[in-house]
**Student:** 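Below are the structure tokens for one structure; questions will follow.
We count residues from 1, following the sequence as given.
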Amino acid sequence: MAYKIQKSEEEWKAQLGVEKYKILRQKGTEYPHTGQYNLHFEKGKYGCAACSEVLFESDSKFDAHCGWPSFDQSIPGKVEYIKDASHGMIRTEILCASCGSHLGHVFDDGPTETGIRYCVNSLSIDFKE
């Protein structure tokens with residue numbers, strides 16, 4: 001897919017650094033219970049750590065006890081959904097719709113009214129009050 005924000009992998013590496021590059025551009029996963037936004041519940045917005053596009057509102061964040069930041073909805077049109085059949089599982093990967101960066105996965109086991117749980121890597125998002 002052609003994304004609004006286009007950069008070479010070398011440009012992404014220089015901008016993001018090693019850890020964020022591994023998550024955002026190489027579809028990595030941070031260890032559970034290690035991310036700065038896992039148990040973060042201040043009011044504000046969460047944007048893509050690669051391009052700053054706002055993806056989630058703090059009102060949709062909840063503690064899913066899974067070890068990663070969890071949201072029950074994204075801002076419409078800001079997240080792209082891709083079938084992921086890696087690691088012997090079938091899941092739905094979530095990407096930033098503006099730059100194609102990997103955010104995590106979405107599941108239909110959420111405990112809120114939406115029934116959805118966006119499981120997001122802390123390194124893939126930034127928080128703004």
Side-chain angles (χ1 to χ4, degrees):
M1 177 173 177
Y3 294 101
K4 179 172 67 174
I5 298 171
Q6 299 278 324
K7 295 184 181 187
S8 70
E9 290 307 307
E10 289 305 315
E11 290 172 308
W12 284 123
K13 281 180 191 175
Q15 175 190 326
L16 299 171
V18 174
E19 289 184 63
K20 285 187 177 184
Y21 181 80
K22 180 180 175 188
I23 301 294
L24 288 156
R25 304 307 300 175
Q26 296 183 314
K27 303 178 186 287
T29 302
E30 64 195 6
Y31 289 107
H33 306 286
T34 63
Q36 77 180 76
Y37 298 122
N38 180 35
L39 298 176
H40 179 266
F41 294 101
E42 292 180 31
K43 295 290 182 195
K45 299 174 188 286
Y46 294 86
C48 174
C51 74
S52 300
E53 186 72 33
V54 177
L55 307 167
F56 303 99
E57 301 276 355
S58 60
D59 292 349
S60 67
K61 191 166 186 317
F62 66 98
D63 184 2
H65 306 287
C66 65
W68 291 276
S70 299
F71 301 86
D72 67 1
Q73 63 184 355
S74 64
I75 296 173
K78 302 296 184 173
V79 174
E80 180 181 8
Y81 305 87
I82 305 289
K83 181 181 177 180
D84 177 1
S86 65
H87 306 291
M89 299 177 268
I90 297 181
R91 303 176 289 175
T92 302
E93 178 186 8
I94 52 175
L95 307 174
C96 173
S98 291
C99 70
S101 290
H102 173 77
L103 305 170
H105 291 85
V106 64
F107 302 95
D108 62 0
D109 63 0
T112 70
E113 291 176 7
T114 68
I116 303 297
R117 177 175 56 95
Y118 288 82
C119 187
V120 179
N121 290 290
S122 282
L123 287 171
S124 69
I125 54 177
D126 285 322
F127 176 77
K128 302 279 189 242
E129 288 185 29

**Student:** Tell me, please, which residues at least two apart from Lys128 pass salt bridge (Lys or Arg N to Asp or Glu O under 4.0 Å).
**Tutor:**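 None.
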**Student:** For Gln15, enumerate each residue passing the side chain to side chain contact (heavy atoms under 4.5 Å, CB included) test, keeping only those at least two apart in sequence or located in another chain.
**Tutor:**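 Checked Gln15 against side chain to side chain contact (heavy atoms under 4.5 Å, CB included); matches are Lys7, Trp12.
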**Student:** Taking atom OG of Ser52 and atom CD1 of Ile5, what is their separation to the nearest 0.5 Å?
**Tutor:**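 Between Ser52 OG and Ile5 CD1, I get 8.0 Å after rounding to 0.5 Å.
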**Student:** Could you tell me which residues satisfy side-chain hydrogen bond (donor to acceptor under 3.5 Å, both in side chains) with Lys43, sequence neighbours excluded, listed by chain and number?
**Tutor:**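 By the side-chain hydrogen bond (donor to acceptor under 3.5 Å, both in side chains) rule, Lys43 matches Asp59.
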**Student:** Return the set of residues passing side chain to side chain contact (heavy atoms under 4.5 Å, CB included) with Gln26 (not counting sequence neighbours), or none when no residue passes.
**Tutor:**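 Only Tyr21, Lys22 meet the side chain to side chain contact (heavy atoms under 4.5 Å, CB included) criterion with Gln26.
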**Student:** With sequence neighbours excluded, tell me which residues meet side-chain hydrogen bond (donor to acceptor under 3.5 Å, both in side chains) with Glu57.
**Tutor:**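 Only Lys45 meet the side-chain hydrogen bond (donor to acceptor under 3.5 Å, both in side chains) criterion with Glu57.
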**Student:** Mind checking what makes side-chain hydrogen bond (donor to acceptor under 3.5 Å, both in side chains) contact with Asn38, not counting sequence neighbours?
**Tutor:**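 Residues passing side-chain hydrogen bond (donor to acceptor under 3.5 Å, both in side chains) with Asn38: none at all.
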**Student:** Is Cys48 close to Leu55 at the side-chain level, that is, under 4.5 Å between some pair of heavy atoms?
**Tutor:**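 SC-SC contact between Leu55 and Cys48 confirmed.
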**Student:** So Tyr46 and Ser58, side-chain contact (heavy atoms from CB on, under 4.5 Å) or not? Walk me through it.
**Tutor:** CA-CA 7 Å; Tyr46 294 86; Ser58 60; 4.2 Å; yes
**Student:** Give me each pair satisfying salt bridge (charged side-chain N to carboxylate O under 4.0 Å, His left out) with a member in residues 31-40, each pair once, sequence neighbours excluded.
**Tutor:**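 Residue pairs with at least one partner in residues 31-40: there are none.
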**Student:** Does OH in Tyr31 sit with more than 12 non-hydrogen atoms of other residues, nucleotides or ligands closer than 6.0 Å?
**Tutor:**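 No - once you tally the heavy atoms of other residues, nucleotides and ligands closer than 6.0 Å, there are 12 at most.
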**Student:** Among all residues two or more places apart in sequence or in another chain, which pass the ring-ring contact (aromatic ring centres under 6.0 Å, His included) test with Tyr118?
**Tutor:**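 Checked Tyr118 against ring-ring contact (aromatic ring centres under 6.0 Å, His included); matches are Phe56.
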**Student:** Would you find more than 12 non-hydrogen atoms of other residues, nucleotides or ligands less than 6.0 Å from Glu129 atom CD?
**Tutor:**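 Incorrect, the count does not exceed 12.
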**Student:** If you measure from NE2 on His40 to CZ on Phe127, what distance do you get to the nearest 0.5 Å?
**Tutor:**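 Separation between the atoms: 4.5 Å.
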**Student:** Just distance, no hydrogens or angles: give the donor-acceptor pairs under 3.5 Å from side chains in residues 96-103, sequence neighbours left out.
**Tutor:**
| unit_1 | atom_1 | unit_2 | atom_2 | d |
| --- | --- | --- | --- | --- |
| Ser98 | OG | Glu53 | OE1 | 3.1 |
| Ser101 | OG | Arg25 | NH1 | 3.0 |
| His102 | ND1 | Glu93 | OE2 | 2.7 |

**Student:** Could you state the interatomic distance from CD (Gln73) to CD1 (Ile75), rounded to the nearest 0.5 Å?
**Tutor:**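 Interatomic distance, Gln73 CD to Ile75 CD1, rounded to 0.5 Å: 9.0 Å.
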**Student:** Run the salt bridge (Lys or Arg N to Asp or Glu O under 4.0 Å) test against Asp126 and tell me which residues pass, sequence neighbours left out.
**Tutor:**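 For Asp126 the salt bridge (Lys or Arg N to Asp or Glu O under 4.0 Å) partners, ignoring immediate neighbours, are Lys20.
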**Student:** Could you tell me the separation between the CG atom of Asp72 and the CD atom of Glu113, rounded to the nearest 0.5 Å?
**Tutor:**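 Going from CG on Asp72 over to CD on Glu113, the span is 8.5 Å.
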**Student:** Look at the side-chain heavy atoms of Ile, Leu, Val, Met, Phe, Trp and Tyr, link any pair under 4.5 Å apart, and say whether Leu24 and Leu95 land in one connected group.
**Tutor:**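 Different hydrophobic clusters.
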**Student:** Tell me the closest heavy-atom pair linking Ala49 and Leu123, and the distance in Å.
**Tutor:**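 That closest heavy-atom pairing would be CB-O, 3.4 Å.
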**Student:** Please enumerate all residues that pass side chain to side chain contact (heavy atoms under 4.5 Å, CB included) together with Asp108, with sequence neighbours excluded.
**Tutor:**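 Listed in chain order: nothing, the list is empty.
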**Student:** Taking a hydrophobic cluster as the set of Ile, Leu, Val, Met, Phe, Trp and Tyr residues connected by side-chain heavy atoms closer than 4.5 Å, whether directly or through intermediates, do Tyr81 and Phe71 fall within one such cluster?
**Tutor:**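 Yes, one cluster joins them.
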**Student:** Tell me, please, which residues at least two apart from Ser122 pass side chain to side chain contact (heavy atoms under 4.5 Å, CB included).
**Tutor:**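 For Ser122 the side chain to side chain contact (heavy atoms under 4.5 Å, CB included) partners, ignoring immediate neighbours, are Glu30, Tyr37, Pro69.
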**Student:** Please tell me if the side chains of Lys27 and Ser86 come closer than 4.5 Å, counting only heavy atoms from C-beta onward.
**Tutor:**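 The answer is no; the side chains never approach within 4.5 Å.
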**Student:** With hydrophobic residues grouped by side-chain heavy-atom distances under 4.5 Å, do Ile82 and Val120 end up in a single group?
**Tutor:**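 Ile82 does not cluster with Val120.
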**Student:** Would you compute the distance between atom CG of Asp84 and atom CD1 of Ile90 and round it to the nearest 0.5 angstrom?
**Tutor:**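 Interatomic distance, Asp84 CG to Ile90 CD1, rounded to 0.5 Å: 9.5 Å.
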**Student:** Between atom NZ of Lys83 and atom OG1 of Thr92, what is the distance when rounded to the nearest 0.5 Å?
**Tutor:**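 Here the rounded value is 9.0 Å.
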